[in-house]
Every structure is written in structure tokens, then in C-alpha cells.
Amino acid sequence: MAEEQDRCFEGIPDYTETTSGEVPAAPTVTVKDLPTDDQPRERARRFGIASLSNADLFAIILRTGTRGYPITDLCRDLMKMNQNLILNLERLTREQIMEINGIGELKAMQIEAVMEIVRRYSREQVGDRVQIKDSATVYRVMRHEIANLPYEEMWALLLNRRNQIIGKLRVSQGGSTSTVFDLKKVIKNALLAHAEGIVLCHNHPSGQTRPSGPDDNITRRFAEACKTLDLTFLDHIIVTTEGYYSYRDSSSLIR
């Protein structure tokens, strides 16, 4: 009977142990082992880079996965964890990115580099200085700067007589619900830059565009200070990823 059982298993490799007593590792799967249609580089060659998903774009940038975990799978899992939204990925710290299976410090820094390129590209302007024509212009200028931050930041845009931006000043950083406003710092920098006008901007990480009581107090105090020094206070904008609030458009505090 034992001989019959042995014959039944002839030709089938024994995966229970090796000569060293260890179970052999599963064969390594690489991107080259995948069907051509599942290889991001091949699809990019055939259909163009714009045809790739977010995950496939990151796969081209990060290049290699880990043993048994191809980079395509790693990047698809990475984007699934972030609801396939790059803005969610942008919010992660390097340490949080490195908690993801298969991502070490180098890959985390590569992802951070992509996020920084996106931010810098969004800030570049072609031609003359940006002219603030309305609240929507301010939102376009500041959205990629502060809308997606997990904490509050207050900024001031310094303007010349034609309402063109001649300087951008980060006034303060705070927590997830508030930031400290340094009125003297803004006024000092505006006078040193020979600014004629100022726009205040800050973000609400909660996504809520409606102003708070402290937001109203800051706006009221700053409007009074600008009148005293003959500076034009054009607007105070609350910025979120989904939209914005303009005091000039919606409140009587700035007129």
C-alpha cells in the first residue's frame, strides 16, 4: 500500500521541505511576467501616458516592487487606500507613507517629490504678475498652496497699486481648527514691500467654508488697522478643497 501511495506522487515536487529543512519561497512575480496590457510602460508606449491610471503613473515612477509583490499591485493598493485621490495621498506624512507594505524611505521620498512638483507647477505663472480681479482669482492662486493641508495656515498676498501680487507671506501655522494671527507681522511686511493692498487667506482643514467667530474678529481688526495706515484691504478668503468663502462677496465687514 505504501508503495502504491509513493507511485501516486511520483513526479510531483515535494514542497514540504528542502535539504535545509525550509519551505521554498514562492517564485518572484515581476511586471515582465504580467500580460502586456497590464504593464504600464507598454500601455504608455501604445496609447500615451495620459491613458494610464493614477496607480500606473506611480508604478512608472517607483519602478520596482518587492519579492512576490510587483510594483503595479503595490501602487494599486496604495491608491485604493487613498480612495484613488492624489489629494488624499498628499496629506500623508513620510512616516505614514512608509507604513504601507513595500514602501521604504526612498519610495516615500519619490512620492513626496511628485507631490512637490505638482504644487510648484500649480504656483507657476506665465508672463506678468498675477492681477487680483476677484475672489475667484485669489482662490486659484492659493488653492494648491493651502487647501489640502491638515492644519490651518494664514497667508497674506501683498499687492501693488494695480492689485498685482508683489509678495506672498505665510503669516502663521496652527492646528486642525485654528491658527494664531500676527497683525503686526503682516502690516510690517506690507510697509517694507511698499504694498498698496492686502488680501488675507487661510484654510479650513474641515472643509467647512463658513467663517468662525475668530475669523470675523481677525477680519474686523485687520480692516481697522488697514484704514489707519491707508492700506487697501481687498478681501479675506477662506480656502478649502471644495470651494471658498469671500468676506468681500458675502459680508459687510469689508467694504
Side-chain angles (χ1 to χ4, degrees), residues 8-126 139-151 203 205 207 239-243:
C8 289
F9 291 99
E10 282 181 6
I12 299 177
D14 182 4
Y15 290 109
T16 57
E17 63 177 325
T18 63
T19 53
S20 62
E22 297 177 351
V23 176
T28 302
V29 179
T30 68
V31 174
K32 291 181 179 179
D33 298 322
L34 300 174
T36 302
D37 287 345
D38 284 340
Q39 297 180 26
R41 289 187 191 178
E42 291 303 317
R43 284 213 311 280
R45 286 192 185 101
R46 294 171 60 189
F47 308 114
I49 202 75
S51 68
L52 301 186
S53 66
N54 291 339
D56 288 341
L57 290 172
F58 275 109
I60 286 180
I61 293 164
L62 301 182
R63 297 183 56 196
T64 59
T66 58
R67 187 178 181 86
Y69 193 22
I71 191 61
T72 48
D73 288 351
L74 189 158
C75 291
R76 286 167 189 167
D77 289 344
L78 171 67
M79 293 312 302
K80 281 181 185 176
M81 293 173 192
N82 291 281
Q83 292 76 52
N84 201 38
L85 295 174
I86 292 175
L87 63 87
N88 285 346
L89 184 58
E90 183 192 23
R91 289 191 171 200
L92 300 182
T93 64
R94 184 179 304 172
E95 290 73 21
Q96 288 174 319
I97 295 173
M98 290 172 62
E99 289 176 2
I100 298 169
N101 183 34
I103 296 183
E105 185 177 39
L106 177 58
K107 280 186 171 56
M109 291 175 70
Q110 288 173 314
I111 292 170
E112 286 182 310
V114 172
M115 298 297 102
E116 183 59 25
I117 288 170
V118 170
R119 285 189 288 269
R120 292 187 186 188
Y121 174 78
S122 68
R123 291 196 295 263
E124 288 182 357
Q125 300 291 336
V126 179
Y139 182 64
R140 285 195 297 272
V141 170
M142 295 303 298
R143 180 178 182 271
H144 295 286
E145 196 83 58
I146 61 175
N148 201 35
L149 295 177
Y151 50 84
N203 63 309
V239 178
T240 75
T241 55
E242 301 300 323

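Remark: T64 engages K107 in a side-chain contact (heavy atoms from CB on, under 4.5 Å) (not counting sequence neighbours). For E116, the side-chain hydrogen bond (donor to acceptor under 3.5 Å, both in side chains) criterion is met by R119, R120, not counting sequence neighbours.
Although no hydrogens or angles enter the test, the distance criterion places no donor-acceptor pair under 3.5 Å between the side chain of Y151 and the main chain of P205. Under a 3.5 Å cut-off, the side chain of R94 and the backbone N or O of E105 do not form any donor-acceptor pair.
Rounding to the nearest 0.5 Å gives a distance of 10.0 Å between CG of L106 and CE of M98. The distance from the CZ atom of R76 to the CG atom of N54 is 12.5 Å, given to the nearest 0.5 Å. With values rounded to the nearest 0.5 angstrom, M109 atom CE is found 14.0 Å from I103 atom CD1. How far CD1 of I100 is from CG of L74: 8.0 Å, rounded to the nearest 0.5 Å. How far CZ of F47 is from CG of L52: 10.5 Å, rounded to the nearest 0.5 Å. One distance of note links OG1 of T241 with CD of E90; it measures 10.5 Å at 0.5 Å rounding.
Scanning all heavy atoms of the two residues, the minimum distance from A55 to C75 falls at O-CB, 3.2 Å. Between F58 and L89 the shortest heavy-atom distance is CZ-CD2, 3.6 Å. Nearest approach of P40 to A59, heavy atoms of both residues: CG-CB, 4.1 Å. Here the shortest heavy-atom pairing between T66 and G102 reads CG2-CA, 3.9 Å.
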Could you list the donor-acceptor pairs under 3.5 angstrom formed by side chains in residues 79-87, with sequence neighbours left out?
| from | atom 1 | to | atom 2 | distance (Å) |
| --- | --- | --- | --- | --- |
| N82 | ND2 | L78 | O | 2.9 |
| Q83 | OE1 | N88 | ND2 | 2.9 |

message: Checking I61 against I111 for the side-chain contact (heavy atoms from CB on, under 4.5 Å) test, could you report, in this order, the C-alpha distance in whole Å, the side-chain angles of both residues, the deciding distance, and whether it holds?
response: CA-CA 8 Å; I61 293 164; I111 292 170; over 6 Å; no
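Residues R41 and I60 meet the side-chain proximity criterion, which asks for heavy atoms closer than 4.5 Å.
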